[in-house]
Amino acid sequence: MTLLGSHISLKAPSYFKGAAEEAVRFGETSFMFYTGAPQNSFRVGLEKMGIPEGKRFLLAHGIDPALLVVHAPYIINLANRSDPGKLRAMEEFVRLEIQRTAEFGAKVLVLHPGSRVGQDEETAFSRLLTSLEETLGDYRGPVRIALETMAGKGSEMGSSLEELAKIRSSFSRPELLGFCLDTCHLNDAGYDVTDVDGLLEEVDHFLGIENVLVIHLNDSLNPRGTRKDRHANLGYGTIGFSALRRFCFHPFLERIPKILETPYVNGLPPYKKEIAMLLSGIYEENWKESLLPLDQGSPMAATSSS
Ligand code: FE
Ligand code: FE
Ligand code: ZN
């Protein structure tokens, strides 16, 4: 059984419990969430998030909370030391986020490597490493950081496998760092994602396939190498359904969570439909047009169907 799921948002009032229910409704065997809004660092107290209830629900449905994935907010930039006060707050936030990840039972926190924002490459790189040392240098616990492959939009770092490998090998505790392969970002950064075996061979060469902790399974709106980062629904982009499906059943990736971050359709998550197509291998042309609320697992559909 491959590990396949999507990004699910934690919403009031039931937060983690509600997310767990939604994941099961979509047919997922893993999922990813932000512990609050992705674009800020405001966080609701863990005691209000329904964690024990969510864990119990997941275990009852055969999902191991240890295989869930947390994504750090994307405002975090550990490479920018222009404002020391702000940077220290970010380092502190990442440390807290690692603790929070563990509280949910998860073991992987996805982190964007950072942005150079006006600094030259070398300066940004050494600042990122200093921040990683200060944030993780003395960490003792079960969580690993998965550095995400980035599209290279603006001054984003981490758009080449070489650079990501160099971050890991330059860090004093490389065992704490793994990687998240985002198929849209890899495509936009110039990699041929349709050649799955070739890509994974390259990944193994630079990163070590055993250090791949998460796959973000997204089609891309843009051609290879355009450095854009615009996700598309499965089959609606330049990568295509069949290449993306190969990630789900590749023997190297079976026990790695594959997480959809594809856009909502008509304001609703399309993941139930996308997952069903990935599992069956049957792609329905123009599936978005025929999407029923039921296929999107909306709360209305859920109450009327169960
Ligand atoms: Fe990301
Ligand atoms: Fe991603
Ligand atoms: Zn993206």
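All figures in this text were calculated on a predicted structure; none of them were measured in a lab. Read the numbers this way: they start at 1 and go in the same order the structure lists the ligands and their atoms.
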Here the vertex angle at the Fe ion (ligand 2) for OD2 of D182 and OE1 of E261, given to 10°, is 90°
For NE2 in H112 and NE2 in H71, the angle at the Fe ion (ligand 1) (nearest 10°) is 90°
Check: Parallel, tilted or perpendicular: which fits the ring planes of F16 and F33, with parallel below 30° and perpendicular above 60°?
Finding: tilted
For H216, the N, O or S atom at the shortest distance from the Fe ion (ligand 2) is ND1
(request) Would you check if the Zn ion (ligand 3) lies under 2.8 Å from any N, O or S atom of H231? (result) yes
Please tell me whether N233 and D219 have a donor and an acceptor in their side chains that are separated by less than 3.5 angstrom.
no
Angle subtended at the Zn ion (ligand 3) by D229 OD1 and H185 NE2, to the nearest 10 degrees, is 90°
Exercise. Would you say the side-chain atoms of N77 and H112 include a donor-acceptor pair closer than 3.5 Å?
Worked result: no
Checking side-chain polar atoms at under 3.5 Å, does R81 have a donor or acceptor matched by the opposite partner on S131?
yes
For E148, the N, O or S atom at the shortest distance from the Fe ion (ligand 1) is OE1
Could you tell me whether the side chains of T35 and R100 share a donor-acceptor contact shorter than 3.5 Å? yes
